[in-house]
Structure formats: C-alpha cells, structure tokens
Amino acid sequence: FIRKPEEWAVRKFYFEKSKSGGSIDADDFMDYLGKEDNMNAQAKYIAQQRFRRYLELSDPQAAAKQMVSEYDFIGLVEESDKSLVLMQLLLDLDKFDIIYHQSPLAGTITYFHDDNDRCGKVIDDEPPDEVEDYLNSKNFYLDNAIEIELYREVEKTIEVTIDKIGRKRFDEALCEHQQLMKQYQFFAKTQCSIRYRCEAEGDRYRDRCDRFGCDNDCFEQFKKSYYYS
C-alpha cells in the first residue's frame, strides 16, 4: 500500500520529530523534505533492489508503469477498504481475511522501536504555510515525480481492474465488507476487552499480542458468532 506523496511526507516528518523531539519550524521541515533520501521514498521502497533500474528512467510516467506492472497488486492508503476488497476479489480471499480492528488511538499514540522500546504521542500534522506552498508546487512534483506518477498509475490500475471484474460485483463486495466491518467493530466494543500495544506514553503493553495488535481472540469469537448465530 502507498500513500499520497504529500501526505506521506508530512506524516513521516512528524513521526520522526515525535520520536526524536526538538523544535519544529518551516526551515527544519524544508531541510527534511530536501534530503535525497526523503524524495521518492515510497517509489524507492516499491522498486527495491530488483527494480531499481526503473528509478533511472528519464520519464517518470514510464517508470511508474514499469513498477506497477511488476506487482500483482498495490493498494492505496486513502482508499484502504476499496483496495482491500479489490485484492480480495483478485486473490479469491475469504471475506473475513480482510477484516481489521480500527484502533481509537490510531494517529495519536504510536510505538517507537528504538533503544527505549517505548510508546509516545504523535505530533499533530500542521505544516507551516511555507511547507504547504511547497507541497502544492511544481518543485515538489519535480523532486518527487516518480512517486507522484506511481500513485496516479495505481489509481488508474485500480479503476481499470474494477471495470474488468465488473462494477456491480465489486460494489456488492464493498458493501458486504463495509457491513461486516460495522458488525465487527460493534462486537469488539461490546463483547471483547481489547488491549492495544500502545495505550499511553511510556512502556508498551506486553503479553501474547503480536506487533499488529491484541484482537485475535476477539476476531475468532466474532467469526464463530457470525456463522452460528
């Protein structure tokens, strides 16, 4: 899954600042965005070493198409449920395979895997006006052209794939997923006692939960109740 490049840049900056601390100003933000490692970062990750050659192409649209063609599926964070349902249909997955628990703490408390192995607050995403202007400028596009075109290409590919599958079939599957999600969220809230890896600043919650959360038992209970109720 990839995120809109401008959204990724902002969230990544604030995540790093939340982790390291220190003051935040426009110059600091612009210096961060101007570092080579932070340009086209998602595209570099998608390319990995195997497809690194595509990053050297002079045409960012061609590079994006080549990278997308190498993967069976790439989803969009901003269209997560839509992407998950499409992946379900493409890979013939069970409808329960794409159900997830929405943490009420998401975006406010996160886990920092560092020397202190701790949980901490995430700084709010409020970039200065100078940074906003840059994110909406031609210069930002030129600095991150491959990643921007990659996002656009994934958007197009998702729509084309939905057309191939059939809009009616997709819409029905999406509706079913959304209803199932509502049922699960209600079940988790009323029938389970879920602990989160990070519930407050300080040490993380430790038990048999894995790094993705602590709701496996709740999910299995919900699945049984769905089939046997």
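Annotation for Leu76 and Ser83: closest pair N-OG, 3.0 Å, computed over non-hydrogen atoms. Among all heavy-atom pairs drawn from Ala64 and Ile146, the shortest one is CB-O, 4.4 Å. Contact record, Ile2 with Val154: CD1-CG2, 4.0 Å, taken as the closest heavy-atom pair. Taking all atoms of both residues into account, the shortest heavy-atom contact from Ala43 to Met67 is O-SD, 3.7 Å. In this structure, Tyr134 and Ser137 approach most closely via the heavy-atom pair O-OG, 2.6 Å. Leu135 and Phe140 make their closest contact through O-CD2, 3.5 Å (heavy atoms, listed as atom of the first residue, atom of the second, distance).
A side-chain N or O of Tyr151 and one of Glu78 form a donor-acceptor pair less than 3.5 Å apart.
Evaluation of the salt bridge (charged side-chain N to carboxylate O under 4.0 Å, His left out) rule for Lys189 yields no partner, not counting sequence neighbours. For Lys65, the side chain to side chain contact (heavy atoms under 4.5 Å, CB included) test picks out Glu153, with sequence neighbours left out. Annotation: ring-ring contact (aromatic ring centres under 6.0 Å, His included) contacts of Phe222 (sequence neighbours excluded): Tyr184, Phe187. Under the rule for a side chain to side chain contact (heavy atoms under 4.5 Å, CB included), the partners of Gln61 that lie at least two apart in sequence or sit in another chain are Asp59, Glu149. Under the ring-ring contact (aromatic ring centres under 6.0 Å, His included) criterion, Tyr141 pairs with no residue at all, not counting sequence neighbours. Glu79 pairs by the salt bridge (charged side-chain N to carboxylate O under 4.0 Å, His left out) definition with nothing, not counting sequence neighbours.
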- Given salt bridge (charged side-chain N to carboxylate O under 4.0 Å, His left out), test Lys12 with Glu16 step by step and report yes or no. CA-CA 6 Å; Lys12 187 68 165 55; Glu16 294 294 339; 2.8 Å; yes

- Item | Full working for side-chain contact (heavy atoms from CB on, under 4.5 Å) between Tyr71 and Ile46 | CA-CA 9 Å; Tyr71 283 82; Ile46 291 290; 3.6 Å; yes

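Looking at Met87 and Leu90, their side chains never come closer than 4.5 Å, going by heavy atoms from C-beta outward. Taking 4.5 Å as the limit, every side-chain heavy atom of Asn40 sits out of range of all side-chain heavy atoms of Leu55. Under the 4.5 Å side-chain criterion, counting only non-hydrogen atoms from C-beta, Glu7 is not in contact with Val77. For the pair Cys218/His101, no side-chain contact is recorded, criterion being any heavy-atom separation below 4.5 Å from C-beta on.
Going from atom NZ of Lys223 over to atom CZ of Phe96 covers 6.5 Å, rounded to the nearest 0.5 Å. Distance check, rounded to the nearest 0.5 Å: CG of Asn139 to CG of Asn144 gives 10.5 Å.
When Ile123, Asn38, Val131, Ile24 are each tested for a side-chain contact (heavy atoms from CB on, under 4.5 Å) with Phe13, only one passes: Ile24. Exactly one residue among Gln183, Lys182, Gln178, His177 makes a side-chain contact (heavy atoms from CB on, under 4.5 Å) with Leu180. That residue is Gln183.
The salt bridge (Lys or Arg N to Asp or Glu O under 4.0 Å) contacts involving residues 99-109 comprise nothing, where partners must be two or more places apart or lie in separate chains. Residue pairs satisfying the salt bridge (Lys or Arg N to Asp or Glu O under 4.0 Å) criterion with at least one member in residues 130-148, sequence neighbours excluded, are absent. Among residues at least two apart or in separate chains, salt bridge (Lys or Arg N to Asp or Glu O under 4.0 Å) pairs with a member in residues 37-49 are Glu36-Lys44. Residues in residues 90-106 take part in these salt bridge (Lys or Arg N to Asp or Glu O under 4.0 Å) pairs, two or more places apart or across chains: Lys95-Glu176.
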Just list the side-chain donor-acceptor pairs under 3.5 Å for residues 164-174, sequence neighbours left out, or say none.
unit_1, atom_1, unit_2, atom_2, d
Arg167, NE, Asp163, OD1, 2.8
Arg167, NH1, Glu159, OE1, 3.2
Arg167, NH2, Glu159, O, 3.4
Arg167, NH2, Glu159, OE1, 2.6
Arg167, NH2, Asp163, OD1, 3.3
Lys168, NZ, Glu172, OE2, 2.6

Taking only distance into account, with no hydrogens and no angle test, what donor-acceptor pairs under 3.5 Å do side-chain atoms of residues 26-35 form with protein atoms, sequence neighbours excluded?
unit_1, atom_1, unit_2, atom_2, d
Asp28, OD2, Lys17, NZ, 2.7

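In this structure, Gln185 contributes its side chain and Tyr100 its backbone to a donor-acceptor pair below 3.5 Å.
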